[in-house]
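Okay, structure first, notes after.
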Amino acid sequence: MPLVLRRVAIFGGIGLACWLIDSMVHYETGMTITPFEFVGVVLGLLLVLRTNSGYDRWYEARKLWGGIVNQSRNIAVLGLTYGPRDEKWRREFIKWTSAFPHIVRHSLRGERELDDLYEKLGEDTPKVASAQHMPLYASSRVARLLSEAVRSGQMDPFAFHQAERERASLIDHVGACERILATPLASAFSIEIRRYLFLYLGMLPLALIDKVGAVTPLFTMLVAYPLLSLDQIGVDLQNPFSKLRLSHLPLDDISLAIENNLLAIADHVQHPLAESDGASHEPIDRRRPLPIRPTPARSPATSTALPAYADN
């Protein structure tokens with residue numbers, strides 16, 4: 001309402017001016033309301049079409065952020081479960097994976113002031129802020145940690161490839177969000193709809209004045225408010241990431257929820273070797289052949305026949 005109230009008041013003022021002129025001149029325009037009824041229906045359909053297009057963009061952005069939530073959880077579980085037991089490595093890994101959604105949020109909003117990340121990233125914050133593409137820089141740090149783990153033999157190659165797949169999916173989701181941000185709805189379509197809308201509302205008092213008289217300004221504003229509101233909603237939905245839009249996605253809450261989830265995972269998920277007693281913690285050497293255990297001799301009394309219920 002605050003965004004469209006001034007425009008509604010302007011068209012109400014046009015209706016008031018028409019009524020004042022008519023009360024002084026007493027001139028009948030001869031215009032009927034019927035053409036405006038048909039034009040209003042068509043204009044409303046165009047506005048709804050534009051609003052639906054904007055909502056499709058908003059909903060797609062929400063689904064992409066749902067993917068960021070899932071992929072962040074997956075990569076954190078993989079790294080903490082199958083990665084090195086070294087506490088320094090685990091702290092670095094969870095630091096960058098939990099900070100990644102916050103970095104993406106700042107990037108989509110065009111923000112380079114990362115004051116809220118100093119507590120998480122410390123001295124690395126200026127490096128992120130100065131990077132040409134901040135999410136890609138954070139993703140490269142995660143990739144470096146995974147590469148160090150698998151090269152040192154402290155991470156299973158299969159788990160490494162799975163974690164890399166999840167990390168690549170994160171970048172795919174970020175790229176899709178950037179596509180939405182960089183490709184707004186066709187400006188020509190929006191401009192033409194607004195021209196028709198303003199022309200319609202500007203001429204509407206001429207058709208109302210012979211029918212309703214002094215309440216022409218009120219009727220004009222009652223018609224202008226829903227039409228202008230639909231137009232503004234269509235504008236807001238074009239950019240679902242900016243805080244300047246009333247209908248922006250709650251990226252702050254989503255990023256904080258991801259961070260809390262990953263920190264909770266770091267507190268509870270243990271390395272499989274840490275749960276076993278007496279297990280060897282040496283790096284796995286994939287080139288060393290597995291020991292061959294001798295096959296126990298079969299006892300002559302042992303029957304090789306299958307049990308009677310095997311066929312069932």
Side-chain angles (χ1 to χ4, degrees), residues 1-62 108-111 180-253:
M1 183 178 290
L3 295 176
V4 302
L5 190 59
R6 185 179 64 176
R7 302 172 192 172
V8 172
I10 290 175
F11 288 109
I14 294 175
L16 178 61
C18 291
W19 174 74
L20 291 175
I21 294 174
D22 180 74
S23 61
M24 292 184 296
V25 179
H26 300 288
Y27 177 78
E28 293 187 2
T29 61
M31 298 180 64
T32 62
I33 197 64
T34 303
F36 287 87
E37 293 176 350
F38 290 106
V39 175
V41 171
V42 175
L43 186 58
L45 291 176
L46 291 175
L47 289 172
V48 169
L49 177 62
R50 179 187 177 189
T51 303
N52 288 340
S53 300
Y55 180 76
D56 288 341
R57 296 163 56 86
W58 183 92
Y59 190 64
E60 181 184 1
R62 183 60 187 89
L108 293 176
R109 290 174 175 174
E111 300 170 346
I180 294 176
L181 185 63
T183 314
L185 295 177
S187 57
F189 182 65
S190 302
I191 291 173
E192 290 303 320
I193 287 182
R194 284 197 164 184
R195 285 178 179 175
Y196 295 146
L197 177 61
F198 292 160
L199 181 63
Y200 173 82
L201 294 176
M203 296 183 62
L204 182 61
L206 299 178
L208 292 175
I209 197 167
D210 292 338
K211 303 293 182 181
V212 298
V215 294
T216 297
L218 177 61
F219 274 83
T220 302
M221 289 189 292
L222 289 176
V223 175
Y225 176 71
L227 295 178
L228 292 174
S229 297
L230 285 175
D231 176 71
Q232 186 61 42
I233 290 173
V235 172
D236 278 350
L237 291 175
Q238 289 189 68
N239 186 351
F241 310 112
S242 174
K243 292 188 293 185
L244 301 177
R245 308 295 186 180
L246 293 177
S247 302
H248 67 86
L249 292 172
L251 300 186
D252 298 82
D253 296 336

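Heads up: numbering here begins at 1 and tracks the sequence.
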Rounded to the nearest 0.5 angstrom, the CE-CZ distance for Met203 and Phe198 is 16.0 Å
Could you measure the distance from the CD1 atom of Ile10 to the OG1 atom of Thr220? Nearest 0.5 Å is fine.
13.5 Å
How close do Leu181 and Leu108 get, counting heavy atoms only, and between which atoms?
CD2-O, 3.3 Å
Nearest 0.5 Å please: distance from the CG atom of Asp56 over to the OG1 atom of Thr51.
11.0 Å
Could you state the interatomic distance from CG (Leu3) to CD1 (Ile233), rounded to the nearest 0.5 Å?
10.5 Å
Checking Arg6 now: which residues fulfil side chain to side chain donor-acceptor pair (under 3.5 Å) with it, not counting sequence neighbours?
none
Partner set under side chain to side chain contact (heavy atoms under 4.5 Å, CB included) for Ile180, not counting sequence neighbours:
Arg57, Glu60, Ala61, Leu64, Pro240, Phe241
Quick note, salt bridge (Lys or Arg N to Asp or Glu O under 4.0 Å) partners involving residues 31-46, not counting sequence neighbours, are none
Taking all non-hydrogen atoms of both residues, which atom of Thr216 and which atom of Gly15 are closest, and how far apart?
CG2-O, 4.1 Å
Selection residues 182-192 - residue pairs positive for salt bridge (Lys or Arg N to Asp or Glu O under 4.0 Å), sequence neighbours left out:
Glu192-Arg195
Smallest separation among heavy atoms of Pro205 and Gly202, with atom names:
CD-O, 3.5 Å
Hey, are the side chains of Leu197 and Arg7 touching, using non-hydrogen atoms and a 4.5 Å cut-off?
no
Which atom pairs, one a donor and one an acceptor, fall under 3.5 Å between side chains of residues 39-47 and the rest of the protein, sequence neighbours left out?
none

Taking the side chain as every heavy atom from C-beta outward, state whether Asp236 and Gln232 have any atom pair closer than 4.5 Å.
yes
Could you work out, with side chain to side chain contact (heavy atoms under 4.5 Å, CB included) as the rule, every residue matching Met221, not counting sequence neighbours?
Val8
Phe219: side chain to side chain contact (heavy atoms under 4.5 Å, CB included) partners, not counting sequence neighbours
Leu208, Val212, Val215
Tell me, do Pro184 and Asn239 make a side-chain contact under 4.5 Å, heavy atoms counted?
no
Contacts of Arg50 meeting salt bridge (Lys or Arg N to Asp or Glu O under 4.0 Å) (sequence neighbours excluded), chain-then-number -> Asp231
Mind checking what makes ring pair (Phe, Tyr, Trp, His ring centres under 6.0 Å) contact with Trp58, not counting sequence neighbours?
Tyr55
Can you name the salt bridge (Lys or Arg N to Asp or Glu O under 4.0 Å) partners of Arg62, sequence neighbours left out?
none
Those residues at least two apart in sequence (or on a different chain) that pass ring pair (Phe, Tyr, Trp, His ring centres under 6.0 Å) with Tyr200 are Phe36
Show me the donor-acceptor pairs, under 3.5 Å and distance only, between side chains in residues 245-253 and residues at least two apart or in other chains.
from	atom 1	to	atom 2	distance (Å)
Asp252	OD1	Arg109	NH1	3.0
Asp252	OD1	Arg109	NH2	3.2
Asp252	OD2	Arg105	NH1	3.2

Could you give the distance from CZ (Phe11) to CG (Leu228), rounded to the nearest 0.5 Å?
6.0 Å
Over all atoms of both residues, closest heavy-atom pair of Val4 and Ser229:
CG2-OG, 3.9 Å
